[in-house]
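The structure appears right after this line, and notes come after that.
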2 protein chains.
Amino acid sequence: MTKLNKKVKNIIDKIYPISEKSFQEIERLIEFETFKKGETFIQKNKRNKKEYFVLSGVCKSYLINPDGNEITLSFFLEKSILSPYSIRTSKNISNQYFKALTDLELSSINAKEFETLMIENIEIRNFANTVLQNELISKVEKEIGLASLTAKERLIEFRKKYRVLENIIPHTDIASYLGITNISLSRLRKDLIN
Amino acid sequence: MTKLNKKVKNIIDKIYPISEKSFQEIERLIEFETFKKGETFIQKNKRNKKEYFVLSGVCKSYLINPDGNEITLSFFLEKSILSPYSIRTSKNISNQYFKALTDLELSSINAKEFETLMIENIEIRNFANTVLQNELISKVEKEIGLASLTAKERLIEFRKKYRVLENIIPHTDIASYLGITNISLSRLRKDLIN
DNA sequence: ATTGTTTTTTATCATTTGTTAATGGCAATC
DNA sequence: GATTGCCATTAACAAATGATAAAAAACAAT
């Protein structure tokens with residue numbers, strides 16, 4: 001197994017461990033992609049047909065609101081998996097943007113072929129369902145946060161979940177994730193120093 | 001086909017039309033349940049193994065925050081489908097509560113058996129995937145709303161989506177859905193009269 | 001090192017939202 | 001018809017957040 005593929009296996013196993021045999025099915029499909037910091041590598045309303053693993057770097061999913069501002073939906077750290085294809089696309093068309101916040105190394109696999117594996121192989125299916133559930137749990141947690149915590153509490157939670165991020169990505173991205181302005185974020189940062 | 005099963009077929013077809021033949025597979029699994037207004041019919045951290053169709057009435061999914069308050073996640077109107085099993089449960093254990101907000105008539109089917117159908121039948125699989133995507137789209141829309149709209153704008157959006165609800169369910173449920181207090185909701189209602 | 005650009009912080013003021021408490025409406029029950 | 005409990009509204013004040021502008025800091029390119 002190449003070093004790259006081993007990385008993918010590790011990401012999978014951290015979510016739902018699968019056998020060597022099952023992984024070999026996936027391995028055949030793996031491709032490698034890199035993007036420069038700042039690049040939007042999945043465009044909303046454009047065709048996309050892949051599942052992605054983040055090997056190194058950080059990226060975000062986002063949308064653009066009526067005022068033209070980017071609203072961060074989620075962050076994806078290294079050694080994790082992007083939102084699964086099935087929930088970010090309809091009819092091969094992406095419903096979100098994804099942007100590299102640092103230089104980014106991804107592995108990708110064809111989503112349709114992966115779906116076939118999923119149907120045939122229970123381990124892979126369980127893995128995929130776990131990804132799906134984690135995604136939803138994370139969305140619900142965020143929803144709860146936005147609906148019932150103050151901005152300060154949300155920042156505290158954010159720091160627990162994404163320790164590293166605050167020092168390596170623009171605060172604007174974090175602020176829109178938290179549902180506040182970057183000025184408010186700055187105030188809260190000052191406030192939390194004590 | 002019984003009147004009840006016909007209702008289920010209509011709900012499915014509104015989401016993703018399937019053939020008579022495919023529906024017959026599902027039909028065998030359908031059961032019927034009713035709940036009284038106010039009843040919590042799915043408990044968090046309790047076992048649950050079903051998919052649900054709302055035949056009549058209104059219900060909500062919710063969680064309880066650290067202060068002991070119910071936080072409404074979603075509303076489900078009549079002739080719709082509950083959040084799919086796969087995203088509201090892990091290992092047969094529910095991660096959310098569901099409560100009847102009016103007297104409620106549901107059809108339910110065993111989730112495991114439904115998953116088997118899904119694997120075998122592409123129409124049913126496409127239906128299930130559409131449900132999944134709709135669920136996610138709705139979650140993302142709500143997330144965007146909470147992160148980038150004012151409470152007043154969120155109420156306006158809520159009214160577009162759930163016209164009937166404001167007059168038939170407690171405003172507390174709506175307020176927590178909107179991420180505000182019921183006092184704020186009352187103010188906004190007054191404000192929007194003009 | 002210097003310059004120009006972008007990001008972050010700070011300040012001021014306006015607005016929104018929360019908290020607490022009081023009030024009024026409505027339905028169920030006795 | 002009085003009582004009770006629940007829900008929605010209102011009021012007064014406090015706290016949080018937004019908008020705008022300006023200053024400071026960080027960063028990038030040369």
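For the numbers below, each heavy atom of this structure counts, side chains included, while hydrogens, waters and symmetry mates do not. Reminder, nothing fancy here: chain letters follow the sequence lines and each chain counts from 1.
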Notebook entry, point to check: Near DNA chain D, under 4.0 Å by heavy atom, which residues of residues 142-149 of chain A?
Noted result: none
Next item on the list: May I ask you to say what A:Leu185 touches in the nucleic acid, namely base, sugar-phosphate or nothing, with a heavy-atom cut-off under 4.0 Å?
Entry: nothing
Note to self: If you take any heavy atom closer than 4.0 Å to DNA chain D, which residues from residues 56-63 of chain B end up in contact?
What the structure shows: none
Under 3.5 Å donor-acceptor pairs involving side-chain atoms of residues 132-140 of chain B, not counting sequence neighbours:
unit_1	atom_1	unit_2	atom_2	d
B:Gln133	OE1	A:Ser90	OG	3.2
B:Gln133	NE2	A:Ser86	O	3.1
B:Gln133	NE2	A:Thr89	O	3.3
B:Asn134	ND2	B:Thr130	O	3.4
B:Glu135	OE2	B:Ser83	OG	2.6
B:Lys139	NZ	A:Glu143	OE1	3.4

Margin query: Does B:Lys37, at its NZ atom, have more than 12 non-hydrogen atoms belonging to other residues, nucleotides or ligands within less than 6.0 Å?
Written below: no
Cut-off 3.5 Å, no hydrogens considered: what does the side-chain donor-acceptor table look like for residues 71-82 of chain B, sequence neighbours left out?
unit_1	atom_1	unit_2	atom_2	d
B:Thr72	OG1	B:Asp173	O	2.9
B:Thr72	OG1	B:Ser176	OG	3.0
B:Ser80	OG	B:Leu77	O	2.6

Item checked: For A:Arg154, all residues meeting side-chain hydrogen bond (donor to acceptor under 3.5 Å, both in side chains), sequence neighbours excluded -> none
Notebook entry, point to check: Is the NZ or CZ atom of A:Lys49 positioned over A:Phe114's six-membered ring, under 6.0 angstrom from the centre and within 45° of the axis?
Noted result: no
Check: What pairs with B:Asn182 under side-chain hydrogen bond (donor to acceptor under 3.5 Å, both in side chains), at least two apart in sequence or on another chain?
Finding: none
Note to self: Grouping I, L, V, M, F, W and Y whenever their side-chain heavy atoms are under 4.5 Å apart, do B:Phe32 and B:Val58 come out in a common cluster?
What the structure shows: no
Item checked: Interface limits on DNA chain C, where chain B has a heavy atom under 4.0 Å of a nucleotide atom -> C:dT17 to C:dT20
Margin query: Hydrogens and angles aside, do B:Tyr85 and B:Asn92 bring a side-chain donor and acceptor to less than 3.5 Å of each other?
Written below: yes
Note to self: Could you tell me the boundaries of the chain A footprint on DNA chain D, defined by atoms under 4.0 Å from its heavy atoms?
What the structure shows: D:dT17 to D:dT20
Notebook entry, point to check: Of B:Thr34, B:Leu104, B:Ile11, B:Leu106, which meets side chain to side chain contact (heavy atoms under 4.5 Å, CB included) against B:Leu55?
Noted result: B:Ile11
Notebook entry, point to check: Listed by chain and number, what are the salt bridge (Lys or Arg N to Asp or Glu O under 4.0 Å) partners of A:Arg159, not counting sequence neighbours?
Noted result: A:Glu166
Note to self: Quick check on DNA chain D: between A:Ile183 and A:Arg154, whose nearest nucleotide comes earlier from the 5' end?
What the structure shows: A:Arg154
Margin query: Does the plane of the ring in A:Phe53 sit parallel, tilted or perpendicular to the ring in A:Phe127? Use 30° and 60° as the thresholds.
Written below: parallel
Check: Where do B:Lys9 and B:Ser19 come nearest, in terms of heavy atoms and distance?
Finding: CE-O, 4.2 Å
Next item on the list: Taking only heavy atoms on the protein side, list every residue of residues 167-182 of chain B lying under 4.0 Å from any atom of DNA chain D, sorted numerically.
Entry: B:Pro170, B:His171, B:Thr172
Item checked: Those residues that, when tested against B:Lys36, pass side chain to side chain contact (heavy atoms under 4.5 Å, CB included) (two or more places apart) -> B:Glu39, B:Asp103
Item checked: Those residues that, when tested against B:Ser108, pass side chain to side chain contact (heavy atoms under 4.5 Å, CB included) (two or more places apart) -> B:Glu31, B:Glu33, B:Lys50, B:Tyr52
Checklist line | Basic-acidic side-chain contact under 4.0 Å: B:Arg125, B:Glu120 | finding: no
